[in-house]
Amino acid sequence: MSSADPARAQLPRGRYGRSADERSDRRLKAAGAVLGTAFLALIAWSGVSYVTGTKVSGELIKFEIVSDREVAVHLEVRKDEGVTGVCTVNTLAEDGGDVGRADFTFDGPHGRVDEVVTVRTTKRATSAQLVGCTTAGGN
């Protein structure tokens with residue numbers, strides 16, 4: 001018995017189970033690739049539709065506590081030209097409770113509006129936050 005014998009170099013048939021069917025492996029890989037590509041396309045489509053569907057967006061640049069009853073808020077609003085946008089600003093007290101909330105309408109012809117608005121409060125506020133912006137119809 002020589003170790004160089006070619007008959008001994010092959011594994012005995014049936015000893016280690018059936019060999020994998022290469023065609024079914026290729027089919028599984030192809031199905032996985034198709035499903036993976038479809039899933040990525042769905043994620044990309046939903047992201048693009050969300051971004052393009054948003055007609056009004058805003059950013060709170062800064063705020064200043066003017067008095068015990070007022071907060072000046074600097075907003076930058078981006079919207080489609082001709083669209084009326086509504087942004088909601090909320091002010092908070094030191095304990096975290098709401099002390100003021102106001103909606104501001106931006107209906108100018110420009111797509112970018114940079115404006116300082118005033119929120120009246122029930123007591124001294126310590127912070128302000130932009131809740132969100134939508135179109136005037138709420139869409």
Walk me through it: do Leu92 and Val99 pass the test side chain to side chain contact (heavy atoms under 4.5 Å, CB included)?
CA-CA 5 Å; Leu92 303 171; Val99 293; 5.7 Å; no

Do Thr118 side-chain atoms and Ala72 backbone N/O form a donor-acceptor pair below 3.5 Å? no

Interatomic distance, CG@Asp80 vs OG1@Thr135, rounded to 0.5 Å, equals 10.0 Å

In this structure, CG of Leu60 is separated from CD of Glu76 (nearest 0.5 Å) by 11.0 Å

ask   = Is there a donor-acceptor contact under 3.5 Å from the side chain of Ser67 to the main chain of Glu70?
value = yes

Here the pair of heavy atoms bringing Leu130 nearest to Glu59 is CD2-N, 3.6 Å

Test of understanding: clusters of I, L, V, M, F, W, Y form through side-chain heavy atoms closer than 4.5 Å, transitively. Do Val73 and Val86 belong to the same one?
no

* Asked: Does atom CD of Gln129 have more than 12 heavy-atom neighbours, drawn from other residues, nucleotides or ligands, at distances under 6.0 Å?
  -> yes

With distance as the sole test, does Asp98 use its side chain to make a donor-acceptor pair with the main-chain N or O of Gly100 at under 3.5 Å? no

Check your understanding: Do the side chain of Lys79 and the main chain of Pro109 share a donor and acceptor less than 3.5 angstrom apart?
Key -> no

Residues 99-109 vs side-chain hydrogen bond (donor to acceptor under 3.5 Å, both in side chains), sequence neighbours excluded, gives Thr88-Asp103

Between the CZ atom in Arg124 and the CG atom in Asp68, the distance rounded to the nearest 0.5 Å is 5.0 Å

**OP:** Could you please spell out the steps behind the side chain to side chain contact (heavy atoms under 4.5 Å, CB included) verdict for Thr91 and Ser127?
**Re:** CA-CA 6 Å; Thr91 56; Ser127 68; over 6 Å; no

Inspect the contact between Glu64 and Lys62 and indicate whether a charged nitrogen and a carboxylate oxygen are less than 4.0 angstrom apart. no

| message | Has Thr126 got a side-chain atom pairing as donor or acceptor with Ala93's backbone, closer than 3.5 angstrom? | response | yes

Rounded to the nearest 0.5 angstrom, the OG1-CZ distance for Thr84 and Phe106 is 11.5 Å

| query | Between Val117 and Glu115, is a side chain to side chain contact (heavy atoms under 4.5 Å, CB included) present by the stated rule, with each step listed? | reply | CA-CA 6 Å; Val117 294; Glu115 193 171 318; 3.9 Å; yes

Between the OG atom in Ser57 and the CZ atom in Arg112, the distance rounded to the nearest 0.5 Å is 11.0 Å

Open item on the list: Checking Thr121 against Val71 for the side chain to side chain contact (heavy atoms under 4.5 Å, CB included) test, could you report, in this order, the C-alpha distance in whole Å, the side-chain angles of both residues, the deciding distance, and whether it holds?
Closed with: CA-CA 7 Å; Thr121 62; Val71 177; 4.0 Å; yes

